[in-house]
Amino acid sequence: MSTNGFHSERNNLPETLLDKLTSHANSFAAAHGLQVETKGREKGDKVTYETAPVSLLPNAYPASAFENAKKLAPGFSLLVDRVSRDAEFLRETLSGGVAEADPFTGKLLELYEQIYCTEGAGEFAKSADRFGVLRSDYMLHNNNELKQVELNTIASSFAGLASQVAQMHGHLVERYIGEEKDIREWLEVNKRAVMGGDASDDSSKDGVPVSPALTCIPAGMSVVHDRYVSRYCSSSDGSLSPVILFVVQEGETNTVDQRMLEIALWEKHKIPVVRMSLTAGYTKLATDAKTGALSILLDDGSSREVSLVYFRAGYAPTDYPGENGEEWKTREKIELSRATKCPSMGYHLAGAKKVQQALARPGKLERFFSEDEQSLVPGLRSTFAGLYSLGADACEGDKAAVKDAISGQEGNYVLKPQREGGGYNYYGEGLCAKLKENVSGDMELSKELAEFILMERLFPPQQRACLLRAGKVEGFGDSISELGCFGTVVSSESGEIVHNEYAGFLLRTKFSNVDEGGVASGFATLSSPYLCR
């Protein structure tokens with residue numbers, strides 16, 4: 001067993017306790033659906049499941065930082081909605097260098113402008129409500145300051161599984177902390193590693209919070225659905241009520257997380273869900289030219305109107321493999337309809353890394369808030385790390401950061417492309433080499449760098465962890481964590497906010513010697529915060 005940097009006799013749990021906790025965790029996972037589909041199945045094989053990648057015990061996290069992240073969620077959701085409607089800002093930020101260097105972002109921007117910025121076009125899309133299931137991801141940095149890693153606006157995943165992980169950790173801690181001194185010591189050592197001198201000697205109020213994600217996210221979807229039915233559907237015509245469409249990836253293994261939302265929608269709101277890929281949507285989706293209604297052809301030959309399209313796919317070029325652009329045509333067909341999209345093209349673009357960097361420029365945030373809302377700005381801005389442009393708009397400060405990164409300080413930066421899903425960033429020597437290939441002696445940046453941003457690297461406090469993968473102990477080691485806070489927002493065609501709330505959390509934990517951080521991509525595990533005061 002790898003100890004990954006921890007001294008085994010001091011930091012590993014006793015073997016008997018480790019076996020007991022691992023067995024209990026796997027049993028809890030099986031009983032509560034904390035699972036993912038087993039990878040490597042051949043087409044046609046029976047689906048099997050295994051325990052999702054998890055941390056065996058929760059990770060210490062400052063309660064004050066957690067509460068701050070919750071408080072900021074509605075402000076970031078409001079910001080995304082405002083950015084999505086500001087065509088001038090999106091065009092100014094993403095056209096030219098970014099769109100040319102990254103054809104995927106360029107295609108999204110092209111469709112956005114065709115549908116939302118062309119007079120006489122996209123009338124049904126413009127009249128639709130907007131809906132976001134957003135997740136702002138943070139790391140602790142410099143005395144536990146909360147710093148934003150990114151703001152996810154499409155396919156913000158793991159709300160369901162993360163809720164179950166929090167339940168599992170709460171259960172394990174409450175069940176065993178009284179009788180197992182090794183667990184008490186484990187949690188206390190981690191608390192002091194994270195909190196330092198701010199750690200209280202009183203641990204009676206420490207613990208794992210409950211995530212409301214499986215209540216709040218379906219509730220937000222229900223708001224959208226009910227508004228659609230009220231606007232467009234007559235109860236007297238005898239037709240069946242609309243469905244919510246989940247756009248998913250073919251071969252997806254994180255299906256349980258999605259199914260949890262689907263099940264909650266039916267059990268709590270009696271709203272049915274249909275799942276379909278972008279590829280299948282090319283032949284099975286149709287938009288009524290007169291009304292803009294989006295309908296889906298079901299396997300029995302019948303059709304159902306769609307109130308909301310929830311994308312759990314479509315965030316990467318690999319989701320659009322068709323030689324004749326079938327998936328792009330599906331995406332455009334959906335966007336042109338009167339159905340609410342999660343996300344709309346505007347929301348999708350608002351989550352681009354380049355937009356994140358542009359918003360961090362002095363004075364930019366104020367643009368998106370009214371005079372009465374300016375009090376939101378300092379809190380949002382306080383979470384911004386150093387963010388530097390590598391495009392035509394790069395200023396002297398941006399170039400100074402580049403020069404620093406190629407002069408021996410590459411470990412203090414991350415090079416990020418306009419891409420979601422994990423595994424695309426550059427670190428360390430790879431970052432330095434990539435920059436040097438595209439920077440001249442007089443610090444002129446090549447056009448190839450325009451699709452990237454340079455970000456200050458964050459260094460959260462390290463604490464010990466035991467990580468499980470496929471239900472087995474992967475190892476013990478120094479670990480770092482990243483907190484994600486979900487928010488749901490619904491706005492009308494005119495921009496009126498009709499629903500905006502914090503909607504749960506996610507904590508991802510990985511060994512500290514691992515650069516990337518995605519769970520689905522195999523770099524991190526799901527965990528939960530053990531809130532410390």
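Everything quoted here is computed from the prediction, not taken from an experiment.
A distance-only check finds a donor-acceptor pair linking the side chain of T153 to the backbone of Y347 [under 3.5 Å]. Not a single donor-acceptor pair under 3.5 Å links the side chain of E410 to the backbone N or O of G428. The backbone N or O of Y502 lies less than 3.5 Å from no partner atom in the side chain of K70, so there is not a single donor-acceptor pair. For the pair S211 (side chain) and F505 (backbone), a donor-acceptor distance under 3.5 Å is present. The backbone N or O of I334 lies less than 3.5 Å from a partner atom in the side chain of S337, making a donor-acceptor pair. Between the side chain of D288 and the main chain of A293, no donor-acceptor pair closer than 3.5 Å is present. Without hydrogens or angle criteria, K126 side chain to A121 main chain gives a donor-acceptor distance under 3.5 Å. Remark: side-chain polar atoms of T118 are paired, donor with acceptor, to backbone N or O of E113 under 3.5 angstrom. In this structure a side-chain-to-backbone donor-acceptor pair under 3.5 Å is present from Q418 to E451. In this structure, S491 contributes its side chain and G495 its backbone to no donor-acceptor pair below 3.5 Å.
Side-chain N/O atoms of T38 and T48 include a donor and acceptor closer than 3.5 Å. Counting only N and O atoms by type, the side chains of Y315 and N152 include no donor and acceptor under 3.5 Å apart. No hydrogens or angles considered: nothing links the side chains of Y112 and E335 as a donor-acceptor pair under 3.5 Å. For T105 and K354, the side-chain atoms include no donor-acceptor pair closer than 3.5 Å.
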message = Walk me through whether F452 and K434 qualify under side chain to side chain contact (heavy atoms under 4.5 Å, CB included).
response = CA-CA 11 Å; F452 295 89; K434 183 69 174 178; 3.9 Å; yes
key: CA sep, side-chain torsions, deciding dist, call: R259, E262, salt bridge (charged side-chain N to carboxylate O under 4.0 Å, His left out)   = CA-CA 5 Å; R259 293 287 189 183; E262 176 184 341; 2.9 Å; yes
ask   = Does the side chain to side chain contact (heavy atoms under 4.5 Å, CB included) test come out yes or no for F124 and T291, once each step is laid out?
value = CA-CA 8 Å; F124 298 127; T291 67; 5.5 Å; no
key: Worked check of side chain to side chain contact (heavy atoms under 4.5 Å, CB included) between D257 and S157   = CA-CA 8 Å; D257 182 59; S157 60; 4.1 Å; yes
task = Please lay out, stage by stage, how R130 and E496 fare under the test salt bridge (charged side-chain N to carboxylate O under 4.0 Å, His left out).
result = CA-CA 10 Å; R130 273 72 157 174; E496 177 191 2; over 6 Å; no
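At least one side-chain heavy atom of Y49 sits under 4.5 Å from a side-chain heavy atom of T255. No side-chain heavy atom of S277 sits under 4.5 Å from any side-chain heavy atom of E327. Looking only at side-chain heavy atoms (C-beta outward), S95 and L109 come within less than 4.5 Å of each other. Side-chain contact between Y388 and V402 is absent, with no heavy-atom pair separated by less than 4.5 Å. Here the side chains of D319 and Q249 are in contact, with some heavy-atom distance below 4.5 Å. Looking at M276 and I296, their side chains come closer than 4.5 Å, going by heavy atoms from C-beta outward. Using a 4.5 Å heavy-atom cutoff, the side chains of I271 and L308 are not in contact.
The residues K284 and D299 are annotated as salt-bridged, a charged nitrogen and a carboxylate oxygen being separated by less than 4.0 angstrom. With respect to the salt-bridge test (charged N to carboxylate O, under 4.0 angstrom), the residues E482 and K510 do not qualify. One finds a salt bridge joining R135 and D137 here, because a Lys/Arg side-chain nitrogen approaches an Asp/Glu carboxylate oxygen to under 4.0 Å. Contact check on E92 versus K364 returns a salt bridge, with a Lys/Arg side-chain nitrogen under 4.0 Å from an Asp/Glu carboxylate oxygen. Salt bridge D86/R367: present, at least one basic N to carboxylate O contact under 4.0 Å. We find that E252 and R312 are not joined by a salt bridge, their nearest charged nitrogen and carboxylate oxygen being 4.0 Å or further apart.
F104 has its ring centre less than 6.0 Å from the ring centre of Y320. Aromatic rings from F368 and F89 are positioned such that their centres are separated by under 6.0 Å. Between Y282 and W328, the distance from one ring center to the other does not fall under 6.0 angstrom.
Heavy atoms from other residues, nucleotides or ligands lying under 6.0 Å from NZ of K403 number 12 at most. Crowding of E448 atom CD: a count of heavy atoms from other residues, nucleotides or ligands under 6.0 Å not exceeding 12.
If you run side-chain hydrogen bond (donor to acceptor under 3.5 Å, both in side chains) between D129 and each of R227, R338, K341, only R227 comes through. In summary, of the residues considered (K353, K416, Q356), a side-chain hydrogen bond (donor to acceptor under 3.5 Å, both in side chains) with E150 occurs for K353 alone.
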